[in-house]
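This report refers to the structure that appears directly beneath it.
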Amino acid sequence: MAKTTAVKKKNQSSEAMQFAKCCSVSSGISIVIAAALMCVTAVVLVNVDVPFELHQPLTTIITALSTLVSTFLVGKKRQKTGLLMGLSVGGLVFLVLFLLSAIFGDRIVSMQTVIKLAALLSAGGLGGLTGVNRGLKAKKVKH
């Protein structure tokens, strides 16, 4: 009886470590994609006259899209706990961006901050769910 409890605890610990690894990898992918897209956007904004008021919503859209893509990819590979993983990744990406923003610039929490949090959580959850479902469908077709 004690052996089965020890095995269950070891499996739960292993599962938690795998979940944390997937969330970390997905967050890293999301930040890299967002940085690349923001560099491209910066080049475009230099050459095109875009009102300053559109910069903040544009960065929110870019980070949400990068979170959606990264959670989709990892959810498809992992094939379980897509919503939880997506929400975790969205929260991690938001936390990183919020801390960088607080360190290097804006220390004010505004409605834009709340909107960015909601967008990242929604995109992460949607990407994770879609990725898991897409991965399961592909697995069923192969069999």
Side-chain angles (χ1 to χ4, degrees), residues 4-143:
T4 58
T5 305
V7 169
K8 284 182 183 178
K9 284 185 180 181
K10 185 176 180 181
N11 288 344
Q12 288 174 346
S13 175
S14 174
E15 181 66 28
M17 290 299 289
Q18 185 181 14
F19 180 81
K21 181 180 174 185
C22 286
C23 287
S24 300
V25 167
S26 186
S27 296
I29 291 169
S30 179
I31 291 170
V32 167
I33 292 171
L37 287 174
M38 285 189 194
C39 288
V40 170
T41 304
V43 170
V44 171
L45 289 177
V46 166
N47 297 318
V48 178
D49 188 28
V50 176
F52 184 73
E53 295 80 28
L54 292 179
H55 291 197
Q56 183 72 23
L58 191 58
T59 60
T60 301
I61 291 168
I62 288 170
T63 52
L65 284 174
S66 66
T67 301
L68 179 82
V69 169
S70 69
T71 54
F72 174 83
L73 294 173
V74 174
K76 188 173 179 179
K77 182 172 172 51
R78 184 170 157 81
Q79 296 185 355
K80 57 183 169 181
T81 62
L83 179 61
L84 182 61
M85 183 194 57
L87 292 173
S88 299
V89 169
L92 280 171
V93 171
F94 174 79
L95 184 63
V96 167
L97 294 175
F98 183 76
L99 290 174
L100 288 173
S101 175
I103 291 170
F104 293 112
D106 191 19
R107 292 195 169 116
I108 299 171
V109 176
S110 66
M111 192 59 183
Q112 286 288 0
T113 309
V114 175
I115 291 169
K116 186 172 280 195
L117 175 61
L120 291 175
L121 290 175
S122 299
L126 181 64
L129 277 175
T130 309
V132 168
N133 289 336
R134 183 64 62 140
L136 291 176
K137 282 183 182 178
K139 199 174 193 180
K140 285 181 183 178
V141 170
K142 288 181 181 178
H143 292 312

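No experiment lies behind these values; they were computed from the predicted model shown. For this chain, numbers begin at 1 and follow the sequence in order.
- A donor-acceptor pair is defined here as one N or O able to donate and one able to accept, closer than 3.5 Å; such a pair exists between the side chain of T67 and the backbone of T63.
- Rounded to the nearest 0.5 angstrom, T130 OG1 and L68 CG are separated by 7.0 Å.
- In this structure, G124 and T71 approach most closely via the heavy-atom pair O-OG1, 3.3 Å.
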Per-pair distances, 0.1 Å, donor-acceptor, side chain in residues 84-95, under 3.5 Å, sequence neighbours excluded:
from : atom 1 : to  : atom 2 : distance (Å)
S88  : OG     : L84 : O      : 2.8

Enumerate, atom names and distances included, each donor-acceptor pair closer than 3.5 Å involving a side-chain atom of residues 47-62, sequence neighbours excluded.
from : atom 1 : to  : atom 2 : distance (Å)
N47  : ND2    : V43 : O      : 3.2
T59  : OG1    : Q56 : O      : 2.8
T60  : OG1    : Q56 : O      : 3.2

Throw together a table of side-chain donor-acceptor distances under 3.5 angstrom for residues 108-117, partners on residues two or more places apart or in other chains.
from : atom 1 : to   : atom 2 : distance (Å)
S110 : OG     : Q112 : N      : 3.3
T113 : OG1    : S110 : N      : 3.2

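- Atom SG of C22 is separated from atom NZ of K80 by 9.0 Å, given to the nearest 0.5 angstrom.
- Residues K76 and Q79 share a closest heavy-atom pair of O-CG, 3.1 Å.
- Annotation: side chain of L73 is in contact with side chain of V69 (closest heavy-atom distance under 4.5 Å).
- Closest approach of I33 to S66, counting heavy atoms only: CG2-CB, 3.5 Å.
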